[in-house]
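Report on the structure given below.
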2 protein chains.
Amino acid sequence: MNAGPDLTTLAGAVGDATRIRMLELLMEGRALVAKELAFGTGVSPATATAHLQRLEQARLVRSTRQGRNKVFRLATPTVARMVEALMTVAVRSPRASATPEPLRAARYCYDHLAGRLGMGITDALLRAGHLSLRRRAFALTPSGEAWFQDFGIDLEPVREQRRHFAHRCLDWSERRDHLAGALGAALASHVFSLGWVERQPDSRGLIVTPGGQRGLKRHFGVL
Amino acid sequence: MNAGPDLTTLAGAVGDATRIRMLELLMEGRALVAKELAFGTGVSPATATAHLQRLEQARLVRSTRQGRNKVFRLATPTVARMVEALMTVAVRSPRASATPEPLRAARYCYDHLAGRLGMGITDALLRAGHLSLRRRAFALTPSGEAWFQDFGIDLEPVREQRRHFAHRCLDWSERRDHLAGALGAALASHVFSLGWVERQPDSRGLIVTPGGQRGLKRHFGVL
DNA sequence: TTCATCGTTCGGTCCATGGCGAACCATTTC
DNA sequence: GAAATGGTTCGCCATGGACCGAACGATGAA
């Protein structure tokens with residue numbers, strides 16, 4: 001049996017901006033492939049490999065190979081508990097909002113929209129019958145197909161991507177699913193290029209612009 | 001409105017061998033002056049100052065001046081919980097001997113009882129129906145309320161404290177929950193003032209006195 | 001007042017390590 | 001087979017930050 005890391009080794013493994021963000025990304029409960037983690041932390045694949053090796057050596061993450069992908073997940077629920085404890089201290093705000101307001105409202109979840117914004121959009125699409133729920137994913141209905149094309153998103157290149165099309169992603173601040181996968185990423189990117197949302201510096205937080213508020217209300221009837 | 005540090009700042013503050021060792025030292029529940037922390041981590045006073053400033057800036061420790069001394073303590077019970085969670089992951093070694101016996105048996109966890117002692121007491125209270133399990137905390141039942149009053153603990157001032165009342169704290173040596181929070185601290189303090197347990201010098205370890213063994217057996221039927 | 005002690009500031013050294021690009025395997029797809 | 005894609009290895013650079021000694025306030029004791 002392998003011994004766990006001692007406290008200083010563990011602290012060293014946790015105590016890096018990129019690595020803690022990787023753990024944060026993995027807190028969503030989903031397994032992520034190395035590339036997603038690299039992208040989500042804004043780091044090159046080479047650097048990501050080094051970080052992931054270190055995290056794995058500290059027994060904080062586990063990896064399994066799936067074809068030419070390598071998928072990572074938190075090693076144990078205990079690790080998740082630890083990361084949660086870190087988050088709790090990090091956002092130790094006196095008010096009940098365990099998550100800072102900007103992040104609750106709208107934020108990136110590595111390449112798609114999360115927070116209330118992502119959830120609201122997803123809900124609207126579900127209510128309108130453009131999406132339907134599957135066990136582990138969403139399905140795009142015919143009306144949804146038309147809607148996305150109409151919205152200005154060409155579905156051809158989205159379908160061609162070698163990744164899940166419309167994944168369900170459990171939000172850790174809202175505790176509900178939102179749209180992820182290639183479709184979620186395409187939606188986020190489009191909404192972004194429309195100027196509806198803007199990046200907050202040094203944060204996954206997003207800002208909904210005035211024009212974005214109008215557009216979101218018109219197209220989704222929410223927010 | 002004191003916003004906590006963001007997660008990366010926090011991780012950076014935690015992720016250093018000397019600083020995590022300082023936090024570990026402060027887990028004994030005692031306040032330590034800067035020099036003790038410097039000596040305890042084997043580092044010069046100048047270096048210790050830098051580390052302590054960083055810890056304080058991340059709101060992990062609090063300091064007060066007493067004469068020409070500066071005494072440090074963990075900022076909040078939440079921080080203690082976080083350090084405990086780190087320890088839990090760190091010693092996740094299959095070799096139980098990794099934890100010295102005295103610490104396994106009875107020890108302080110910041111301000112409440114841990115180890116087998118803390119766990120045994122918690123179990124006894126649960127079995128007797130004085131406590132019940134909630135998702136993230138314990139709840140004090142009516143019979144428990146009577147029991148605590150009868151035991152000599154006035155619950156009024158405990159309830160007035162601005163901290164969680166009866167938190168669940170995962171023990172890093174026993175891998176099970178024990179009673180923490182304001183109620184756990186009050187219980188520890190009371191058991192301490194009864195002379196049932198005594199501090200081991202320079203350690204988080206506690207010694208159960210002969211009188212304490214009788215008392216614990218009578219009141220909790222354990223140990 | 002004078003001395004001792006504690007902590008801080010400052011200047012400087014030095015090493016660990018996070019970061020990248022490029023070349024290199026491995027695997028799947030066509 | 002060839003091409004595309006994901007991941008790893010390697011060499012290298014740059015920066016951060018951990019550390020110390022020495023000089024310097026501040027506080028309490030003699």
Side-chain angles (χ1 to χ4, degrees), chain A residues 5 8-26 31-58 60-73 110-111 156-165 181-182 185 202, chain B residues 5 7-23 25-26 31-58 60-73:
Chain A
T8 69
T9 306
L10 172 69
V14 171
D16 171 81
T18 302
R19 286 194 291 272
I20 195 68
R21 288 194 63 196
M22 286 178 165
L23 294 177
E24 200 183 359
L25 289 174
L26 290 171
L32 298 175
V33 306
K35 192 181 188 182
E36 291 170 325
L37 286 165
F39 182 83
T41 54
V43 111
S44 78
T47 305
T49 295
H51 284 306
L52 289 168
Q53 280 174 348
R54 184 152 178 193
L55 284 175
E56 197 161 17
Q57 202 159 6
L60 293 176
V61 305
R62 262 179 37 218
S63 71
T64 56
R65 295 264 286 279
Q66 283 185 7
R68 60 188 167 190
N69 291 322
K70 197 168 182 180
V71 303
F72 291 86
R73 68 195 71 218
Y110 87 81
D111 68 352
E156 283 303 319
V158 179
R159 283 224 166 77
E160 281 169 6
Q161 293 179 40
R162 299 194 204 292
R163 58 185 288 197
H164 288 136
F165 179 65
D202 296 327
Chain B
L7 192 57
T8 69
T9 306
L10 171 69
V14 172
D16 171 81
T18 302
R19 285 195 292 272
I20 194 69
R21 176 107 183 81
M22 285 177 166
L23 294 177
L25 287 174
L26 290 172
L32 298 174
V33 306
K35 193 177 189 182
E36 290 171 323
L37 287 165
F39 183 79
T41 54
V43 110
S44 79
T47 306
T49 295
H51 284 306
L52 289 168
Q53 280 175 348
R54 186 151 177 194
L55 285 175
E56 196 160 17
Q57 202 159 6
L60 293 176
V61 304
R62 263 179 35 218
S63 71
T64 55
R65 278 198 297 280
Q66 283 184 7
R68 59 188 167 188
N69 292 322
K70 199 168 181 182
V71 303
F72 291 86
R73 70 195 71 218

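Every chain is numbered from 1 and lettered A, B, ... according to where its sequence line falls, protein lines coming before strand lines.
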- Item | Closest non-hydrogen atom pair, B:L23 against B:V61 | CD2-CG1, 4.0 Å
- Task: Round to the nearest Å and state the distance from A:Q66 atom CD to C:dT29 atom P.
- Result: 13 Å
- Just one of B:V43, B:L55, B:L26 clears the side-chain contact (heavy atoms from CB on, under 4.5 Å) bar with B:L37, so which one? B:L26
- Query: Can you name the residues that form a salt bridge (Lys or Arg N to Asp or Glu O under 4.0 Å) with B:R21, not counting sequence neighbours?
  - Reply: B:E24
- Among all residues two or more places apart in sequence or in another chain, which pass the side chain to side chain donor-acceptor pair (under 3.5 Å) test with A:T49? none
- Query: According to the side chain to side chain donor-acceptor pair (under 3.5 Å) rule, which pairs have a member within residues 61-72 of chain B, sequence neighbours left out?
  - Reply: B:E56-B:S63
- Message: Whole angstroms only, please: what is the CE-C1' distance between B:M22 and C:dG7?
- Response: 13 Å
- Task: Determine yes or no for a side-chain-to-main-chain donor-acceptor pair under 3.5 angstrom, with B:E36 supplying the side chain and B:V33 the backbone.
- Result: yes
- Does any N or O in the side chain of B:R19 come within less than 3.5 Å of the main-chain N or O of B:A13, such that one atom is a donor and the other an acceptor? yes
- What is the distance from NZ of B:K35 to P of D:dG28, rounded to the nearest Å? 17 Å
- Quick one, give me the B/S/- string for nucleotides 8-27 of chain C, reading 5' to 3', where B means a protein heavy atom under 4.0 Å from the base and S means that only happens at the primed atoms, P, OP1 or OP2. BB--------SBBB-----B
- Task: Calculate the interatomic distance between A:L37 atom CG and D:dT8 atom C1'; express it in whole Å.
- Result: 16 Å
- Taking side chain to side chain donor-acceptor pair (under 3.5 Å) as the test, write out the residues that go with B:T41, two or more places apart. none
- Task: Note down the inter-axis angle between the two ends of the helix from C:dT1-D:dA30 to C:dC30-D:dG1, five pairs each, to the nearest 10°.
- Result: 30°
